[in-house]
Amino acid sequence: MSKIYLKAMEDVVQRNTDNTNRITEQAQGFVVSENAGDSLLHTSFDLTTAQSIVKHLHASFLKLAQSCVRDLDTEDKLCFLRVKTRKQEFLVSPEDAFTVTVVL
């Protein structure tokens, strides 16, 4: 992982320390992907699972949600997306350079 992404991730984690600690205690795993190319930067899952999360949540669903928010208000932006299914819950946090997804 490049130093730019590592520094940006550290800043996000430090700004949200309480939430980060609470979420990581309950998490099954996480995926961090680069926004520019939807490539994996870091994950706690196996490669196939992580790529599936990036492909389906980041590349498709997240971009659709971001587009909907922009359509409603051009000055607003999506900060957090929570998707809950019967089996899992996905917490998606898009940043400028990368997106973090935590699976609960």
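Starting from 1, each residue takes its place in the sequence as its number.
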Contact summary for [X] and [Y], nearest pair of heavy atoms:
X    : Y    : result
D96  : N35  : O-ND2, 3.3 Å
L81  : L78  : CB-CD2, 4.4 Å
F30  : T43  : O-OG1, 3.0 Å
A27  : L104 : CA-CD2, 3.6 Å
V103 : Q88  : CG1-NE2, 3.8 Å

- Task: May I have the step-by-step check of side-chain contact (heavy atoms from CB on, under 4.5 Å) for L62 and L57, ending in yes or no?
- Result: CA-CA 6 Å; L62 180 62; L57 273 177; 5.9 Å; no

Quick one: does any side-chain atom of [X] pair with a main-chain N or O of [Y] as donor and acceptor, under 3.5 Å?
X    : Y    : value
D76  : R70  : no
S93  : V100 : no
T101 : H58  : no

Hey, are the side chains of [X] and [Y] touching, using non-hydrogen atoms and a 4.5 Å cut-off?
X   : Y   : result
P94 : Q66 : yes
F61 : V92 : no
Q51 : L47 : yes
D71 : S67 : yes
R82 : F80 : yes

- Are V102 and V83 linked, directly or through other ILVMFWY residues, by side chains that come within less than 4.5 angstrom of each other? no

- Message: Could you walk me through whether V32 and L40 satisfy the side-chain contact (heavy atoms from CB on, under 4.5 Å) test, starting with their C-alpha distance in whole Å, then the side-chain angles of each, then the deciding distance to 0.1 Å, before giving a yes or no?
- Response: CA-CA 6 Å; V32 180; L40 287 173; over 6 Å; no

Straight-line distance of [X] [atom1] to [Y] [atom2], nearest 0.5 Å:
X   : Y   : atom1 : atom2 : result
D73 : E75 : CG    : CD    : 6.0 Å
K84 : F90 : NZ    : CZ    : 12.5 Å
E95 : C79 : CD    : SG    : 8.5 Å
H42 : E34 : NE2   : CD    : 15.5 Å

